[in-house]
Amino acid sequence: MAAAQASAFIRALAQANPEPKPELEYRDAFTLLVAVVLSAQTTDVAVNKATATLFEAAPDAAAMARLGPEGIAPHIRRIGLWQAKAKNVAALAEQLLARHGGEVPREREALEALPGVGRKTANVVLNVAFGENAMAVDTHIFRLGNRTGLAPGDTPRAVEDALVKRCPPELLRDAHHWLILHGRYVCKARRPECWHCVAREFCNYPDKVAGPTSG
DNA sequence: ATCCCGAGGG
DNA sequence: CCCTCTGGAT
């Protein structure tokens with residue numbers, strides 16, 4: 001897909017969603033970071049429920065560190081991998097205090113050095129919370145990038161690089177939400193619903209699904 | 001059965 | 001590259 005077509009693809013999503021409602025509701029760096037750390041192999045809805053009570057008990061790194069794994073666990077028992085995540089989040093809060101004055105660092109290296117934080121989580125925080133030139137690639141965006149031709153690549157990193165290169169810079173931040181929501185609800189893994197896709201005319205997917213009964 | 005906004009370790 | 005950690009929705 002040419003660069004111009006990639007821009008048109010993303011602009012079509014933008015026009016359809018002037019005020020995108022993110023699945024994970026947080027834009028503040030600390031709450032977003034914790035929410036994303038909790039989100040592996042779990043639905044966004046479950047994470048939002050868990051974090052609602054968790055952040056009431058511990059709205060910042062200091063409070064979260066005080067809570068500790070045993071204090072965190074009861075809030076997140078309904079989500080997958082909660083035992084490891086309770087430890088990670090507690091350790092994460094402690095390191096934020098010990099090494100970053102209780103704030104979330106803005107540097108990729110510092111972010112990825114935190115327990116439970118890999119490249120994907122770091123990219124979400126860099127992009128969504130800090131507005132940096134980064135793009136997180138999850139399973140949805142990976143699939144969408146390849147299927148549509150928007151950002152092809154055989155590794156998440158390759159898809160990431162293609163997206164950062166092709167997305168208009170001023171749209172990069174919100175594109176994260178647009179793409180992930182589009183991947184979840186329209187360009188789905190099993191039955192992509194091409195018949196009401198707003199970017200259909202810019203998509204290279206060869207077998208565009210015609211209607212609900214054809215998939 | 002299969003999937004979900006992964007990271008860490010072998 | 002592979003595996004494991006884990007629960008809930010569909």
Side-chain angles (χ1 to χ4, degrees), chain A residues 10 13 17 20-54 69 72-96 104 108-130 132 134-147 150-151 153-160 163-164 167 172-193 212 215:
Chain A
I10 293 176
L13 298 186
N17 306 280
K21 183 181 188 307
E23 289 289 287
L24 290 178
E25 298 170 345
Y26 308 97
R27 288 206 172 216
D28 155 72
F30 177 71
T31 52
L32 178 66
L33 173 57
V34 172
V36 176
V37 167
L38 293 177
S39 72
Q41 296 304 103
T42 304
T43 61
D44 43 7
V45 176
V47 172
N48 281 331
K49 281 185 188 163
T51 51
T53 64
L54 177 62
I72 295 170
H75 296 280
I76 65 173
R77 284 221 166 105
R78 287 315 193 74
I79 70 178
L81 313 178
W82 61 270
Q83 296 160 101
K85 288 170 183 176
K87 286 183 203 165
N88 276 143
V89 171
L92 173 61
E94 282 171 25
Q95 286 207 23
L96 289 180
V104 178
R108 172 185 299 286
E109 298 230 337
L111 281 167
E112 291 189 13
L114 296 167
V117 181
R119 184 174 184 95
K120 188 257 169 178
T121 301
N123 277 335
V124 176
V125 174
L126 285 170
N127 182 357
V128 177
F130 295 139
E132 297 290 331
M135 187 69 200
V137 175
D138 59 20
T139 55
H140 290 307
I141 296 183
F142 184 80
R143 174 185 68 251
L144 187 153
N146 277 299
R147 177 190 282 161
L150 173 65
D154 40 8
T155 66
R157 181 57 191 274
V159 171
E160 177 191 328
L163 273 174
V164 171
C167 182
L172 197 54
R173 187 184 329 210
D174 285 330
H176 174 253
H177 292 313
W178 295 328
L179 291 171
I180 203 155
L181 292 175
H182 193 66
R184 173 144 157 75
Y185 295 113
V186 181
C187 197
K188 303 188 292 185
R190 298 284 185 55
R191 301 161 145 219
E193 300 183 0

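Every chain is numbered from 1 and lettered A, B, ... according to where its sequence line falls, protein lines coming before strand lines. The structure displayed is predicted, hence computed values, not measured ones.
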Using a heavy-atom cut-off of 4.0 Å across all strands, would you classify [X] as base, sugar-phosphate, or nothing?
X        : value
A/Val137 : nothing
A/Leu179 : nothing
A/Ala84  : sugar-phosphate

Without decimals, in angstroms, what is the distance between [X] [atom1] and [N] [atom2]?
X        : N      : atom1 : atom2 : answer
A/Tyr185 : C/dT10 : OH    : P     : 10 Å
A/His182 : B/dC5  : NE2   : C1'   : 16 Å
A/Gln41  : B/dA1  : CD    : C1'   : 15 Å
A/Asp138 : B/dC3  : CG    : P     : 15 Å
A/Arg143 : B/dC3  : CZ    : P     : 10 Å
A/Leu181 : B/dC5  : CG    : C1'   : 10 Å
A/Trp82  : C/dT6  : CH2   : P     : 8 Å
A/Ile79  : B/dC5  : CD1   : C1'   : 13 Å

Using only side-chain N and O atoms of [X], determine if any of them is under 4.0 Å from OP1 or OP2 of [N].
X        : N     : value
A/Thr121 : B/dA7 : yes
A/Thr43  : C/dG8 : no
A/Arg78  : C/dG8 : yes

Distance between [atom1] atoms of [N] and [M] (Å, rounded):
N     : M     : atom1 : answer
C/dC3 : B/dC3 : P     : 16 Å
B/dG9 : C/dT6 : P     : 15 Å
C/dC5 : B/dC5 : P     : 22 Å

A/Ile180 has its side chain closest, among B/dG6, B/dC5, C/dG7, to B/dC5

Nearest-nucleotide pick for A/His177, side chain only, options being B/dG6, C/dT6, B/dC5 = B/dC5

By nearest-nucleotide position on DNA chain B, the 5'-leaning member of A/Thr139 and A/Leu114 is A/Thr139

Of A/Gly116 and A/His140, whose closest DNA chain B nucleotide lies nearer the 5' terminus?
->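 The answer here is A/His140.
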
Determine whether more than 12 heavy atoms belonging to other residues, nucleotides or ligands lie under 6.0 Å from atom CZ of A/Arg77.
->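 Yes, CZ of A/Arg77 has more than 12 neighbouring heavy atoms, counting only those of other groups under 6.0 Å.
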
Answer yes or no: does atom NZ of A/Lys188 have more than 12 heavy-atom neighbours from other residues, nucleotides or ligands under 6.0 Å?
->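 Result for NZ/A/Lys188: enclosed.
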
Can you name the one residue among A/Leu92, A/Val34, A/Leu33 that meets side chain to side chain contact (heavy atoms under 4.5 Å, CB included) with A/Val104?
-> A/Leu33

Output yes when A/Glu160 and A/Arg119 qualify as a salt bridge under the 4.0 Å nitrogen-oxygen rule, no when they do not.
-> yes

Contact summary for A/Phe142 and A/Pro156, nearest pair of heavy atoms =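 Closest approach of A/Phe142 to A/Pro156: CE1-N, 3.6 Å.
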
Got A/His176 and A/Ile141 here, is their nearest side-chain heavy-atom distance under 4.5 Å?
-> yes

